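Nothing fancy with the numbering, it's 1 onward along the sequence. Keep in mind that what you see is a predicted model, and the values were worked out from it rather than measured.
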Amino acid sequence: MSFSAKSGAWLSSRVPRFWWWRPWQQLSCAAAGPAWSYFGGSRPRAILDMSYSRHFLDFQGSSIPSSMKKLVVTKLSQNFREAVTLQQDSPVPLPGDGDLLVRNRFVGINASDINYSAGRYDPSVKPPFDIGFEGVGDVVALGLSASASYTVGQAVAYVKAGSFAEYTVVPAKQAIPLPSVKPEFLTLMLSGATAYISLKELGNLSEGKKVLVTAAAGGTGQFAVQLAKAAKCHVIGTCSSDEKGGFLKSIGCDCTINYKTENVESVLRKEYPEGVDVVYESVGGKMFDLALDSLATKGCLIIIGFIAGYQNPTGLQPIKAELLPAKLLKKSASIRGFFLNHYLSEYKVALKDLLKMYERGDLFCEVDFGDMSPEGKFIGLESVFRAVDYMYMGKNIGKIVVELPHSVNSKL
């Protein structure tokens with residue numbers, strides 16, 4: 001007897017929608033063998049649901065609490081500390097039929113977290129609302145439909161608002177299955193995908209082109225450098241310290257410019273008198289002007305952000321916009337904006353390729369846990385505030401990641 005949609009409907013009308021899973025128990029029928037053999041011979045997937053109790057067991061037998069910590073935007077402000085509140089006793093969310101409940105192990109810090117807390121992306125959304133864009137963790141509960149593709153205990157990554165929490169409900173169709181829970185995978189979700197898709201769709205890279213990456217040692221800059229090198233381009237990276245310059249050299253950067261000690265404009269004019277072909281720009285303000293002036297004939301400047309303006313009330317720093325038409329016309333140059341949300345159709349293919357590159361050893365994913373910060377490593381949701389400050393001080397090398405430890409108190 002095969003398990004069809006019709007027989008499934010019959011079954012669901014006679015048994016609970018969810019059931020407890022206990023690793024020490026097996027569904028069986030003494031006379032006729034395992035009960036699951038009657039439905040195609042495949043064992044049912046492990047499913048958990050929190051609707052029966054305020055407390056329940058996860059796949060390791062540890063108690064999942066009824067409440068959790070999470071960060072919530074309670075006031076719109078470009079000052080992250082003023083905008084965001086750590087809530088200590090928020091209910092652990094319930095996964096729906098097509099959802100996963102993910103216990104977050106690592107969450108990523110992004111420059112745009114401040115834009116989100118300031119309400120710049122969607123002014124119609126009013127506080128309170130959850131914050132944090134990306135996470136990596138374990139599936140500890142899931143709905144019946146979601147169990148067709150995922151199991152309890154599986155490692156997943158996701159991009160979804162609300163990752164700054166101990167537990168997050170993620171639609172199964174939005175989750176990315178992973179071989180293990182590693183922070184390196186988190187670096188690819190937004191930072192890596194932004195570099196990959198923007199350079200592929202807008203950069204028109206080819207061998208010998210000169211590519212300038214601003215804030216090159218940052219979370220997304222590190223990938224722009226490596227992907228441009230993979231395309232056999234000549235890569236120039238700006239950074240704020242000799243230590244960062246050394247890191248950039250180690251991942252293939254041909255020329256580094258420390259803007260704290262060197263004049264970026266002078267170096268570019270001297271070393272690249274004919275200009276650069278592509279600029280991957282994330283700083284804004286004066287750096288944008290310098291990058292624009294450095295474009296070669298038919299060059300392209302890709303704007304993926306303007307972090308220099310995110311903490312300002314206006315969100316922008318002045319640029320020499322009145323000269324922009326003449327500058328572009330003179331060089332037949334172009335400026336392209338890139339916002340990842342507008343390229344989601346390319347996302348899964350990009351992420352799949354990035355994961356393959358990482359697994360082959362062709363892509364290096366630098367993670368910065370803040371070990372060298374004054375108060376030490378970023379551990380726990382309380383440290384997200386420090387991590388955001390650390391990023392805006394320009395201290396990080398690679399992607400800033402916060403670890404969320406979970407104690408396991410076995411009940412077995």
Side-chain angles (χ1 to χ4, degrees), residues 45 47-48 50 58-59 64 68-73 90 92-110 112-113 116 121 129-143 145-197 219-220 223 339-356 358-359 365 367 381 384 387 399-404 406:
R45 293 182 180 274
I47 296 179
L48 287 172
M50 294 193 300
D58 75 356
F59 70 100
I64 296 179
M68 67 175 185
K69 295 178 182 179
K70 71 173 181 177
L71 296 185
V72 178
V73 176
S90 296
V92 173
L94 300 176
D97 181 59
D99 297 331
L100 311 174
L101 179 65
V102 178
R103 180 175 62 185
N104 293 314
R105 297 276 299 280
F106 301 100
V107 295
I109 304 297
N110 295 280
S112 50
D113 289 330
Y116 199 60
Y121 288 147
F129 55 85
D130 296 344
I131 192 168
F133 291 130
E134 56 186 342
V136 168
D138 308 297
V139 175
V140 294
L142 71 168
S145 295
S147 72
S149 302
Y150 291 91
T151 61
V152 169
Q154 188 165 357
V156 295
Y158 65 90
V159 175
K160 177 183 177 292
S163 70
F164 290 165
E166 291 179 316
Y167 297 86
T168 302
V169 167
V170 179
K173 62 183 179 181
Q174 295 181 19
I176 306 295
L178 299 174
S180 61
V181 175
K182 294 175 63 176
E184 286 80 6
F185 292 128
L186 187 59
T187 69
L188 303 175
M189 300 302 294
L190 287 176
S191 299
T194 294
Y196 183 102
I197 299 173
T220 188
F223 295 112
F339 188 45
L340 185 59
N341 285 8
H342 297 150
Y343 290 85
L344 294 181
S345 61
E346 310 294 325
Y347 183 77
K348 286 193 174 181
V349 172
L351 195 58
K352 184 178 180 180
D353 201 13
L354 288 167
L355 286 168
K356 286 182 178 178
Y358 171 69
E359 290 170 354
C365 303
V367 176
L381 288 171
V384 168
K399 175 81 173 185
I400 301 176
V401 173
V402 174
E403 182 178 357
L404 304 185
H406 292 268

Holding to side chain to side chain donor-acceptor pair (under 3.5 Å), I want the full list of residues that pass it with [X], two or more places apart in sequence or in another chain.
X      : result
Ser90  : Gln87
Asp99  : none
Tyr196 : Asp353

Check: What do the steps show when you test Met189 against Tyr347 for side-chain contact (heavy atoms from CB on, under 4.5 Å), and what is the final call?
Finding: CA-CA 9 Å; Met189 300 302 294; Tyr347 183 77; 3.3 Å; yes

Drop me the distance from [X]'s [atom1] to [Y]'s [atom2], to the nearest 0.5 angstrom.
X      : Y      : atom1 : atom2 : answer
Cys365 : Leu355 : SG    : CG    : 8.5 Å
Met68  : Arg103 : CE    : CZ    : 13.5 Å
Leu340 : Glu346 : CG    : CD    : 10.5 Å
Leu71  : Ile131 : CG    : CD1   : 7.5 Å

Less than 4.5 Å apart, any side-chain heavy atom of [X] and any of [Y]?
X      : Y      : value
Asp130 : Val72  : yes
Leu101 : Pro93  : yes
Val140 : Tyr167 : yes
Leu188 : Leu351 : yes
Leu404 : Leu381 : yes

Margin query: Under the rule for ring pair (Phe, Tyr, Trp, His ring centres under 6.0 Å), what residues qualify as partners of Phe339, not counting sequence neighbours?
Written below: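 Result, ring pair (Phe, Tyr, Trp, His ring centres under 6.0 Å) vs Phe339: Tyr121, His342.
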
Partner residues of [X] under the side-chain contact (heavy atoms from CB on, under 4.5 Å) criterion, sequence neighbours left out:
X      : value
Lys356 : Lys352, Arg360
Thr220 : Ser191, Thr194, Ala195, Tyr280, Ile304
Ala172 : Leu100, Ala146, Tyr150
Asp113 : Phe80, Ile109, Asn110, Phe133, Phe164

Checklist line | Set of residues satisfying salt bridge (charged side-chain N to carboxylate O under 4.0 Å, His left out) with respect to Glu166, sequence neighbours excluded | finding: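 Applying salt bridge (charged side-chain N to carboxylate O under 4.0 Å, His left out) to Glu166 gives none.
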
Is a donor on one side and an acceptor on the other found under 3.5 Å between the side chain of [X] and the backbone of [Y]?
X      : Y      : value
Lys160 : Val169 : yes
Asp97  : Ser145 : yes
Thr168 : Gly162 : yes

Might you point out which heavy atoms bring [X] and [Y] nearest each other, and give the distance in Å?
X      : Y      : result
Ala141 : Pro95  : CB-CG, 4.2 Å
Lys399 : Gly108 : CE-CA, 4.1 Å
Tyr158 : Asn104 : OH-OD1, 2.7 Å

Margin query: What verdict does the side-chain contact (heavy atoms from CB on, under 4.5 Å) test give for Val170 and Val156, after you've listed the backbone C-alpha separation in whole Å, the side-chain angles of each residue and the deciding distance to 0.1 Å?
Written below: CA-CA 10 Å; Val170 179; Val156 295; over 6 Å; no

Checklist line | Residue pair Phe129, Tyr116: steps toward the ring pair (Phe, Tyr, Trp, His ring centres under 6.0 Å) verdict | finding: CA-CA 10 Å; Phe129 55 85; Tyr116 199 60; 5.4 Å; yes

Notebook entry, point to check: Which residue pairs pass the side chain to side chain donor-acceptor pair (under 3.5 Å) test when at least one of the two sits in residues 170-190, sequence neighbours left out?
Noted result: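 Residue pairs with at least one partner in residues 170-190: Lys182-Tyr358.
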
